[in-house]
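Everything numeric here is computed off the predicted structure, so don't read it as measured data. One-based numbering, in listed order, for ligands and for the atoms of each.
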Amino acid sequence: MDYRGLFEDVTRAVQPALAGGRVAQYIPALASVDPSRFGLAIAELNHRSKPHGTGDWLEPFSIQSLSKVFTLALVLAADGDTLWTRVGKEPSGAPFNSLAQLEREHGIPRNPFVNAGALVVTDRLLTLTGDARGALRDFLRTESGNPRIDFDAEVAFSESRHGHRNAALAHLLADHGRLDNPVPDVLDHYFWQCSLAMNCRDLARAAGFLARHGLRADATRLLTRSEAKRINAVMLIGGTYDAAGEFAHRVGLPAKSGVGGGIIAVIPGRCTVCTWGPALDHHGNSTAGITALDTLTTLTGWSIF
Ligand code: GLN
C-alpha cells in the first residue's frame with residue numbers, strides 16, 4: 001500500500017474543507033482551537049505493525065463523543081445484549097443533544113451515541129466499575145499502548161460549567177427512572193470521559209478491536225463477533241448523528257465523530273482510521289474529516305459497500 005501517495009491526495013482534497021465550518025463554541029475551552037489543523041492516522045490490524053499518519057496526526061485533541069464508542073464497548077463486554085433494553089439502536093434523525101426526542105420516547109434514548117444514550121451507558125459503566133472515567137482511561141491507555149493518555153481538566157471544567165443541556169438530559173432520564181446513579185455523578189464521569197486528550201495515532205490503535213471483530217490489541221477477546229458487529233452497525237446508523245445517512249452515502253463506513261473534530265472510522269478485517277479537523281458542520285461533524293474519509297474510500301475502494 002502506497003500510503004505516502006494516498007496521504008498526499010487526501011491532504012490536497014481537504015484543503016477547501018479546512019476553510020469551511022466552525023470550531024465548537026458551546027464548550028468554551030474548545031473554541032480557541034486552530035480550525036486549520038488536520039491529521040489522519042491508519043492503524044492496521046496487527047498491533048505490532050506501526051500506524052501510518054500524516055499532518056497533525058500526533059497532536060492531542062479533545063476526544064469528546066469518540067469516547068462513546070469505547071464506553072459502549074466496555075458495557076457490552078460486561079452486560080451483553082441486556083444493554084439494549086435501556087437504549088435503542090435506531091437512527092436519531094435529531095440533533096445529538098435533543099431533549100424533545102427523549103421526552104417523547106419516555107426516557108429511552110434512540111441510540112448509545114446521542115448524548116442521552118451515552119449518559120445511560122456511562123451510568124451503567126459507573127455501576128459496573130465504580131469509576132467510569134478511570135476505567136475508560138485505563139482501557140484507552142492499554143489498547144493504544146500509550147500510558148500517558150490523560151484527561152484535560154480545563155475542558156472537563158469548561159463543559160461542566162456550561163453543560164446545561166446535558167444536565168437537563170440527565171435529569172430527564174432520572175425522572176423517567178432510567179439512571180441507577182445520582183445525576184451529578186453521572187454528569188461528572190461523562191464530562192471527564194469527553195475531556196480525554198488523544199492523538200489520531202492512539203485513537204486509531206485503540207479502536208482496533210472493532211476491525212478485529214472484537215479482539216483486543218493483545219489478541220484476547222473483548223467482545224463476541226456479534227457484539228463487535230452491533231457496535232459497527234450502530235456507528236453506521238448513528239455515529240455521525242442526524243447526518244449518518246449523508247455520511248454513509250459519501251463514505252460508506254462505520255464511524256463515530258466528536259465535537260473536538262475527531263472521526264474514527266472502521267474498515268472491518270483491514271484497519272481503523274482516525275481523522276482530526278476541528279472545524280465542524282452544523283451537525284457537529286468535522287468538515288475536513290468527512291472530506292478526508294470520502295476521498296480515502298473513493299481512492300482505495302475500502303467502503304464496506
Ligand atoms: N461533550 C460533548 C457534549 O456532551 C460531546 C458531544 C459530541 O462530541 N458530539 O455535548
Side-chain angles (χ1 to χ4, degrees), residues 21-31 33 60-72 87 91-99 101-102 109-123 125 132-133 136-137 140 151-173 179 183-184 186-198 200 203 207 234-235 237-244 246-247 255-265 274-290:
R22 210 158 165 242
V23 172
Q25 304 291 314
Y26 76 106
I27 303 173
L30 297 183
V33 179
F61 61 91
S62 190
I63 73 169
Q64 294 297 317
S65 286
L66 304 180
S67 63
K68 296 171 180 174
V69 178
F70 301 103
T71 51
L72 174 63
V87 58
S92 68
F96 63 79
N97 51 14
S98 171
L99 284 155
Q101 185 172 66
L102 186 65
R110 271 291 171 98
N111 66 58
F113 297 145
V114 292
N115 285 10
L119 287 164
V120 166
V121 172
T122 296
D123 174 59
L125 190 59
R133 68 181 224 194
L136 173 65
R137 183 193 55 189
L140 291 171
F151 306 104
D152 182 330
E154 192 198 342
V155 173
F157 288 131
S158 179
E159 183 164 15
S160 161
R161 267 196 302 278
H162 297 88
H164 305 300
R165 194 165 268 275
N166 284 321
L169 287 167
H171 282 288
L172 206 47
L173 286 166
L179 296 182
V183 164
V186 176
L187 283 172
D188 190 53
H189 280 269
Y190 174 77
F191 292 144
W192 281 91
Q193 84 179 44
C194 289
S195 83
L196 279 160
M198 291 176 68
C200 292
L203 279 160
V234 179
M235 287 168 84
I237 62 94
T240 46
Y241 311 112
D242 46 341
E246 172 72 12
F247 188 88
K256 181 76 206 82
S257 66
V259 294
I263 301 181
I264 292 172
C274 179
T275 58
W276 176 50
L280 309 176
D281 63 19
H282 66 281
H283 302 286
N285 300 318
S286 164
T287 52
I290 294 174

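- Not close to ligand 1: F191, with no non-hydrogen atom less than 4.0 angstrom away.
- With a 4.0 Å cut-off on non-hydrogen atoms, S65 touches ligand 1 through its backbone as well as its side chain.
- Close contacts between ligand 1 and C194 involve ligand atoms 1 (N) [criterion: under 4.0 Å to a heavy atom].
- Ring pair Y26/F96 is tilted by interplanar angle, where 30° to 60° counts as tilted.
- In terms of polar-atom proximity, defined here as any N/O pair under 3.5 Å, Q64 does make such a contact with ligand 1.
- Taking the side chain as every heavy atom from C-beta outward, L125 and Y190 never approach each other to under 4.5 Å.
- Heavy-atom contacts of N115 reach the following atoms of ligand 1: 3 (C), 4 (O), 10 (O) (cutoff under 4.0 Å).
- Rounding to the nearest 0.5 angstrom, the gap separating the CG atom in L187 from the CH2 atom in W192 is 14.0 Å.
- A donor-acceptor contact under 3.5 angstrom links the side chains of T122 and Q193, judged on distance only.
- Between V259 and ligand 1, at least one pair of N/O atoms sits closer than 3.5 Å.
- Listed by atom number, the atoms of ligand 1 under 4.0 Å from G258 heavy atoms are 8 (O).
- Heavy-atom minimum distance, D242 versus P95: OD2-N, 3.8 Å.
- Counting heavy atoms closer than 4.0 Å to ligand 1, residue R165 contributes nothing at all.
- From the protein, the heavy atom lying nearest to atom 4 (O) of ligand 1 is Y190 OH, 2.6 Å.
- Proximity of Q64 to L30: side-chain heavy atoms (C-beta onward) are separated by under 4.5 Å at one or more points.
- At least one N or O atom of Y241, backbone or side chain, sits closer than 3.5 Å to an N or O atom of ligand 1.
- Taking 4.0 Å as the cut-off, N166 counts as a neighbour of ligand 1 on heavy-atom distance.
- The closest donor-acceptor contact from the side chain of K256 to the backbone of G239 lies under 3.5 Å.
- Between the CD atom of E154 and the OG atom of S195 there is a distance of 10.5 Å, given to the nearest 0.5 Å.
- For atom 10 (O) of ligand 1, the closest non-hydrogen atom on the protein side is Y26 OH, 2.5 Å.
- Residues L179 and A170 come closest through the heavy atom pair CD1-O, 3.6 Å.
- Of the protein's non-hydrogen atoms, the one nearest atom 3 (C) of ligand 1 is E159 OE2, 3.1 Å.
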